[in-house]
Amino acid sequence: MNVRDSELVSNRLMSLGYSPTENEEEADIIIVNSCSVRGKAEDKALGKVGLLCSKVRPGVHVGLMGCMAQRLGESIFGKVPGLAFSVGTRAESRIPAILKRLETGESNICETGVFDEDSPNLGYVAPSGKAVQPISSFVTILFGCNRRCAYCIVPDVRGNEHSRVPSEIISEIRALAGTGVQEVTLLGQSVMNYGKRGFTWPSDIPSPMGFTEPLPRLFELITRDVPQISRIRFTSGHPSGVTNELVRAMRDIPQICKHLHLPMQSGSDRILKEMRRGYDAATYVEAVAHLRTAVPDIAVTTDIIVGFPGETDADFEDTRRVMEAAQFDNSFIFKYSPRPGTPAAQMPDDVSEEEKMRRNQVLLEDQDKRGLAMNQKFIGQVTEVLAEGPSLRNSTRWSGRNSQNKIVVFEPTSSISVGDTVKVKITDAHPQTLFGELA
Ligand code: 5AD
Ligand code: SF4
C-alpha cells in the first residue's frame, strides 16, 4: 500500500512539473514514506530521514509521509531536526499545497489525515514526464481497517475501514490500462471486506454470474469494463472472507490469479484468541481446504508472527504443525514488535529476542523445505508467465510471474518484450523461484 501511495504522490508531483531522479544528491524534494507496523520499520525510516536532513543542501526540502508521520504528528520535528514537513495517511492530497508554502519560507509543516468517510484521498493522476510504465500496478480499493487485532497499529494510523466506489476504481484501472498495465493487485488491509460498510453496490451494475457480494462483483466489473487487464490479484485476505462466492469467483473468472495471501499469524488457538483474530486454527485450515478443493492449483501464502506475548514452545509447535497442514507456498515471518497504544503492548513482551530469532529461523527453514517441495511439483509443467524483463540476478535471463505469483526465470528469445505472456516449461525449482525454458 505504501508503494502505491508513493507512486500516487510522485505522479502528482510530475503532473506539477517535477521530474523524478534516482540520485538523492540532485533532488530538490525528497519525501520518505514510512511504515509503523513494526518498530524496526519505524527505526529505518527515522534513520533515513535523519541522515537526509543532516546533509541536505540549502533550498532542498526533506519531508516524511505515511503511517509514522500520522502516528507522531508534530512530535516528529523534535526527533528530526531540519525536517521540512510531515504528512500523515489520507493527507497526501495536501502535498502540492505544502510545497507552495515551503516556497514562501514556511517550515515544520505538519498535516495529518482525518479519518472520516469524506477525508480526501489522493486519487489517480496520470504521470506526465518520463516515468517508467510498469505492466503491473497496485490499486487501493479499501482504506483503513476495523479489525483491531491486538498487536496491530494499522487501525490507529490508517483509520476506519472505507471502501472506494466502483466507478472511481474502474476509472483508475482504465487509466492504468491505457499506459500498458496488464495486471492489477487490488489492495486493502482486509480486502475481503470490500464494500461491506456504509456502502451499497450501485443497483444499475448487473452481475451476470449472479454474485451478491461486492468483491466478486468488482472482479466481474473490471473484466467487463477494462478487458485489457489480463490478471487480477487482491490482498490481504482473512479466512472469514473465503466465502462460497469468493471461491466461485476465483474458480470461474479466468483473469483472477490462482494465488491468495491469507495471513494466519499463529497456529495456536490460545494465541489466535489473544491476538483477537476472530478464527481458530481449524477454521483457518478449513478455509484453505475450501479454496484448494475448488481451485486445486491455487498457491496460498501467509504471514506469521513469532514471539507474541505469552507464546510458549507448545504454541509455537502448534504453529509449525498448522503451517505444514496448510501447505503454504510461501510464508512471511515476523518477530513480534510491541506497538504503542495497541492492546498487546499492555501485555508483557515476555519472549526473549533470542527466542524470537530462533523461532523465526525455524519457521524459515521449515518453509524453505516446504516451498521447495511445492515448487518441484511444477517441474515438467508448462506455466504462463507475464514477462517483466531481465532478471535482477543475471541480466542474460528474464523473469516474470505465473498465475500462482511464483517468480519464473527463463532464457529469453531476442524478440521478447516486457509485458509478453510466454509459456515456460519448468526444468528446475528452488524454494522461492522456478527456472525453465520457453515452451
Ligand atoms: N509485530 C510483528 N508483526 C506484525 N505484523 C503486524 N503487526 C505486527 C507487530 N506488532 C505483521 C502481521 C501482518 C504483517 C503485515 O505484519 O503478520 O500480517
Ligand atoms: Fe492489522 Fe488485523 Fe487490520 Fe491486518 S486485519 S491491518 S493485522 S488490525
Side-chain angles (χ1 to χ4, degrees), residues 1-5 34-44 66-68 70-71 89-90 115 138 140-163 185 187-194 196-197 215 234-242 260-268 271-279 283-284 287 300-311 316 319 322-323 326 328 330-351 353 355-357 359-360 363-364 367:
M1 197 165 274
N2 275 6
V3 168
R4 182 63 186 151
D5 291 344
S34 60
C35 170
S36 289
V37 81
R38 283 172 293 278
K40 222 166 100 186
E42 287 204 338
D43 295 344
K44 255 169 100 174
C67 295
M68 194 169 62
Q70 180 70 31
R71 188 171 86 75
T89 53
R90 299 203 203 175
F115 295 143
F138 293 119
T140 301
I141 65 167
L142 186 66
F143 299 103
C145 185
N146 279 7
R147 242 181 240 287
R148 298 214 161 261
C149 302
Y151 50 81
C152 186
I153 202 160
V154 168
D156 292 332
V157 290
R158 286 195 175 268
N160 287 337
E161 190 182 291
H162 168 205
S163 297
T185 303
L187 298 179
Q189 306 295 340
S190 209
V191 75
M192 290 157 169
N193 276 356
Y194 175 70
K196 291 243 166 91
R197 281 189 186 80
L215 188 60
F234 55 103
T235 197
S236 287
H238 185 275
S240 63
V242 181
L260 189 63
H261 185 64
L262 199 62
M264 180 171 88
Q265 313 298 4
S266 170
S268 151
I271 296 293
L272 284 170
K273 201 163 184 192
E274 295 277 315
M275 287 178 163
R276 308 186 188 174
R277 286 291 292 172
Y279 53 83
T283 316
Y284 181 94
V300 181
T301 57
T302 203
D303 289 344
I304 301 287
I305 297 175
V306 291
F308 185 82
E311 188 187 66
F316 174 65
T319 298
V322 182
M323 286 179 79
F328 292 120
N330 201 0
S331 310
F332 299 88
I333 322 289
F334 305 105
K335 286 182 287 174
Y336 169 70
S337 160
R339 306 310 297 133
T342 59
Q346 304 293 317
M347 309 174 190
D349 182 14
D350 55 1
V351 179
E353 183 58 25
E355 184 57 17
K356 283 180 187 167
M357 297 252 276
R359 292 179 187 176
N360 186 75
L363 294 190
L364 286 177
Q367 183 58 51

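Hydrogens, waters and symmetry mates play no part in the numbers below; they use all other heavy atoms, side chains included. Start at 1 and go down the list; that is how both ligands and their atoms are numbered. The residues of the chain are indexed from 1 along the displayed sequence.
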Which of the ligand 1 atoms, numbered from 1, are nearer than 4.0 Å to a heavy atom of Y336: 1 (N), 2 (C)

How are the rings of Y336 and F308 set to each other: parallel, tilted or perpendicular (split at 30° and 60°)? perpendicular

Do the side chains of E161 and K196 get close enough for a salt bridge, i.e. N-O under 4.0 angstrom? no

Protein contact to atom 2 (Fe) of ligand 2 [nearest heavy atom, distance to 0.1 Å]: C149 SG, 2.3 Å

Looking at ligand 2, does R158 have a heavy atom less than 4.0 Å from it? no

Among R359, K356, K335, whose salt bridge (Lys or Arg N to Asp or Glu O under 4.0 Å) with E311 holds? R359

What protein heavy atom sits nearest atom 1 (Fe) of ligand 2, and how far off is it? C152 SG, 2.2 Å

At what distance is the nearest protein heavy atom to atom 2 (C) of ligand 1, and which residue and atom is it? K335 O, 3.3 Å

Of the protein's non-hydrogen atoms, which lies at the shortest distance from atom 14 (C) of ligand 1, and what is that distance? D303 OD2, 3.5 Å

Are any N, O or S atoms from H238 nearer to atom 2 (Fe) of ligand 2 than 2.8 Å? no

Residue, atom and distance of the protein heavy atom nearest atom 7 (S) of ligand 2 read Y151 OH, 3.3 Å

Have a look at Q265, M1, R38, Q189 and point out the one with the heavy atom closest to atom 3 (N) of ligand 1. R38

Measure the distance from atom 3 (Fe) of ligand 2 to every protein heavy atom, then report the residue, atom name and distance (to 0.1 Å) of the closest one. C145 SG, 2.3 Å

Closest approach of any protein heavy atom to atom 7 (N) of ligand 1, naming residue and atom: Y151 CD1, 3.3 Å

Residue pair R147 / S240, side-chain heavy-atom distance below 4.5 Å: yes

With heavy atoms under 4.0 Å as the rule, classify the contact between F334 and ligand 1 as side chain, backbone, both or neither. side chain

Can you sort out which atoms of ligand 2 are near Q189, meaning under 4.0 Å from one of its heavy atoms? 6 (S)

Numbering as shown, the atoms of ligand 2 that approach P155 to under 4.0 Å (heavy-atom distance): 8 (S)

Would you please say whether a donor-acceptor pair under 3.5 Å links the side chains of R4 and T140? no

I need the atoms of ligand 1 closer than 4.0 Å to a non-hydrogen atom of R339, numbered in the order shown. 10 (N)

Give the contacting part of V37 toward ligand 1: side chain, backbone, both or neither, where contact means a heavy-atom distance below 4.0 Å. both

Taking the side chain from S34 and the backbone from M68, do they hold a donor-acceptor pair closer than 3.5 Å? yes

Taking every non-hydrogen atom, the tightest pair across S163 and N193: OG-O, 4.3 Å

Quick test of your reading of the model: are D156 and R148 salt-bridged, counting only N-O distances below 4.0 Å? yes

Decide whether H261 and D303 meet the rule of one side-chain donor and one side-chain acceptor closer than 3.5 Å. yes

Among non-hydrogen protein atoms, atom 10 (N) of ligand 1 lies closest to S337 O, 2.8 Å

Any salt bridge between R339 and E42, counting N to O under 4.0 Å? yes

Correct closest heavy-atom pair for N146 and N160 would be OD1-CA, 3.3 Å

Which of the atoms of ligand 2 are close to R277, meaning less than 4.0 Å from one of its heavy atoms? 2 (Fe), 5 (S), 7 (S)

